[in-house]
There are 2 protein chains.
Amino acid sequence: MRSRPSATEALHTSGYRLTMQRQLVWDTLRQSKKHLSAEDILAQIRRQYPRFNLATVYRCLEVLEELGLVKETRIRDRAYYELAEEGTDHYHLVCDQCGSTLHIEGDHMVPVLHHITDEHDFVVSNADLVVHGRCARCQAKAARTR
Amino acid sequence: MRSRPSATEALHTSGYRLTMQRQLVWDTLRQSKKHLSAEDILAQIRRQYPRFNLATVYRCLEVLEELGLVKETRIRDRAYYELAEEGTDHYHLVCDQCGSTLHIEGDHMVPVLHHITDEHDFVVSNADLVVHGRCARCQAKAARTR
DNA sequence: GTAACTGCAAATTCTTTGCACATAT
DNA sequence: ATATGTGCAAAGAATTTGCAGTTAC
């Protein structure tokens with residue numbers, strides 16, 4: 001089993017410089033339980049460093065994504081970022097009625113990704129699954145009204 | 001087996017008006033083999049109707065989506081639209097190297113969607129899967145260089 | 001020392017909205 | 001007849017870029 005290199009290490013071996021900004025963005029994502037938008041990340045960091053800049057957030061994320069440390073998911077027009085965990089799926093159920101997002105973990109996507117690799121000769125780096133529909137709570141609400 | 005209502009019918013029974021604009025957007029999507037961006041649709045229609053407006057395209061798409069006739073996929077910052085085919089998966093493999101997009105059809109997502117319905121009490125209306133990675137052609141190219 | 005990086009402001013790109021006019025029902 | 005829909009122009013929102021100054025190596 002191969003262990004994941006730290007961000008510090010990964011930056012270094014790829015010839016990127018280790019800046020405070022990159023570390024802050026990385027740490028913010030690590031400390032978060034859920035995915036964050038670029039603005040979310042900025043807001044967090046600005047508590048400590050009010051001069052921190054949004055363009056810098058985007059540029060740091062770009063590097064971290066390129067290194068495979070961070071993945072991006074687009075939900076309704078906006079990009080969200082989270083750590084790229086290896087091995088497990090991580091996808092999102094978006095309720096179109098109340099707007100809530102459920103985070104799902106599991107291994108159900110594994111066969112799909114295998115199919116893609118085997119049948120289409122495509123090397124998968126990241127699968128972004130966003131499922132739209134209606135959450136349990138909104139169904140219950142609709143049932144009551146009926 | 002339930003047959004799909006035509007767009008005309010669906011608009012009518014939902015109380016929407018049947019306008020030429022909506023028909024043109026619908027027909028453009030039906031005639032296309034691949035997904036189209038709003039700009040693509042506009043360009044197509046403008047060949048015949050040069051005054052056709054982009055805002056109208058978006059507004060027509062919004063209605064068609066609401067009726068479940070059209071689905072939207074976001075790939076790299078941009079929305080693409082295509083007919084919402086029932087029954088089969090339709091997802092996209094995006095090569096991050098050359099930028100090409102492969103359209104995949106199949107039933108591999110079925111177990112995943114079942115899992116979502118069963119375990120999370122979530123009624124799925126649309127699953128949007130975008131897989132990033134490297135296509136066969138770019139792998140071959142990389143192998144040659146090595 | 002110097003190439004890479006950041007902050008700032010301005011630009012870009014996609015999408016949405018306000019409003020006066022047009023049209024489907 | 002009138003509520004709905006469209007075209008146009010302008011606004012919005014998220015992300016990117018140019019550039020001068022800063023910093024990691």
Side-chain angles (χ1 to χ4, degrees), chain A residues 6-28 35-43 45-46 48-67 70-81 99 128 130, chain B residues 6-28 35-43 45-46 48-67 69-81 96 99 128 130:
Chain A
S6 69
T8 312
E9 228 179 293
L11 283 166
H12 195 263
T13 58
S14 302
Y16 285 109
R17 290 186 183 173
L18 181 57
T19 64
M20 190 183 66
Q21 287 83 344
R22 285 171 182 163
Q23 289 185 73
L24 284 169
V25 170
W26 172 248
D27 287 342
T28 304
H35 57 202
L36 300 173
S37 68
E39 292 274 6
D40 294 337
I41 296 168
L42 180 69
I45 297 175
R46 278 203 169 160
Q48 304 277 339
Y49 301 90
R51 326 292 302 280
F52 211 94
N53 193 275
L54 187 55
T56 304
V57 175
Y58 281 110
R59 285 187 281 222
C60 290
L61 288 169
E62 196 183 345
V63 170
L64 293 172
E65 273 189 84
E66 194 195 310
L67 298 179
V70 165
K71 66 173 255 188
E72 179 187 317
T73 304
R74 305 207 147 252
I75 298 179
R76 287 206 227 80
D77 255 39
R78 215 206 206 81
Y80 293 92
Y81 304 86
D128 186 3
V130 180
Chain B
S6 68
T8 311
E9 229 179 294
L11 283 167
H12 196 261
T13 59
S14 302
Y16 285 109
R17 292 189 181 169
L18 180 57
T19 64
M20 190 182 68
Q21 286 85 343
R22 284 169 182 163
Q23 289 185 73
L24 284 168
V25 170
W26 172 248
D27 287 341
T28 304
H35 56 201
L36 300 173
S37 68
E39 293 274 6
D40 294 336
I41 295 169
L42 181 69
I45 297 177
R46 278 204 168 160
Q48 304 277 338
Y49 302 89
R51 324 294 300 281
F52 210 92
N53 193 276
L54 187 56
T56 304
V57 175
Y58 281 110
R59 285 188 282 222
C60 291
L61 288 169
E62 196 183 347
V63 169
L64 294 171
E65 274 190 83
E66 195 195 309
L67 299 179
L69 296 167
V70 165
K71 66 173 254 187
E72 179 188 316
T73 303
R74 304 209 145 252
I75 298 178
R76 285 206 230 80
D77 257 40
R78 214 203 208 84
Y80 293 92
Y81 303 87
D96 289 326
D128 187 3
V130 180

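So you know, we letter chains A, B, ... as the sequences are listed, proteins then strands, and number each from 1.
A:Leu18 comes within 4.0 angstrom of the backbone, heavy atoms only, and of no base.
Comparing atom distances between the A:Ala55 side chain and each of C:dC5, D:dG7, D:dT16 picks out D:dT16 as nearest. Nearest nucleotide to the side chain of A:Cys60, out of D:dG5, D:dG7, C:dT6: C:dT6. Distances were taken from every side-chain heavy atom of A:Arg78 (C-beta onward) to each of C:dG7, D:dA14, C:dT6; the shortest belongs to D:dA14.
C:dA24 atom C1' lies 10 Å from atom NE2 of B:His12, rounded to whole Å. If you take OH of A:Tyr49 and P of C:dT6, they are 14 Å apart, rounded to a whole angstrom. Distance B:Glu39 CD to C:dC14 C1': 8 Å, rounded to the nearest Å. In this structure, A:Leu11 places its CG atom 9 Å from P of C:dC5, rounding to the nearest Å. D:dT15 atom P lies 10 Å from atom CD1 of A:Ile41, rounded to whole Å. Note: CG (B:Leu24) to P (C:dT23) measures 14 Å, nearest angstrom. One interatomic measurement links the two molecules: OH of B:Tyr58 to P of D:dG12, which rounds to 18 Å at whole-angstrom precision. Atom CZ of A:Arg74 and atom P of D:dA14 are 11 Å apart (whole Å).
Annotation: of the two residues near DNA chain D, A:Ser37 and B:Asn53, the 5′-most nearest-nucleotide partner is B:Asn53. Residues A:Arg46 and B:Glu62 both approach DNA chain C. Their nearest nucleotides, taken by heavy-atom distance, put A:Arg46 toward the 5′ side. Remark on DNA chain D: of its neighbouring residues B:Arg51 and A:Asp77, the 5'-side contact belongs to B:Arg51, judged by nearest-heavy-atom nucleotide.
Residue B:Gln21 places at least one side-chain N or O closer than 4.0 Å to OP1 or OP2 of D:dG7. Within the 4.0 Å cut-off from OP1 or OP2 of C:dC5, not a single side-chain nitrogen or oxygen of A:Arg59 is found. In this model, the phosphate group of C:dT6 is approached by a side-chain N or O of A:Thr19 to a distance below 4.0 Å at OP1 or OP2.
Side-chain contact between A:Arg74 and B:Arg76: absent, with no pair of heavy atoms (C-beta onward) separated by less than 4.5 Å. Looking only at side-chain heavy atoms (C-beta outward), A:Val70 and A:Val25 stay at 4.5 Å or farther from each other. Looking at B:Leu11 and B:Trp26, their side chains never come closer than 4.5 Å, going by heavy atoms from C-beta outward. Residues B:Gln48 and B:Leu24 fail the side-chain proximity criterion, which asks for heavy atoms closer than 4.5 Å.
Applying the side chain to side chain contact (heavy atoms under 4.5 Å, CB included) rule to B:Glu62 yields no partners; only residues at least two apart in sequence or on another chain are considered.
At a cut-off of 3.5 angstrom, counting only N and O atoms as typed in the model, there is no donor on one side facing an acceptor on the other between the side-chain of B:Arg17 and the base of C:dT25.
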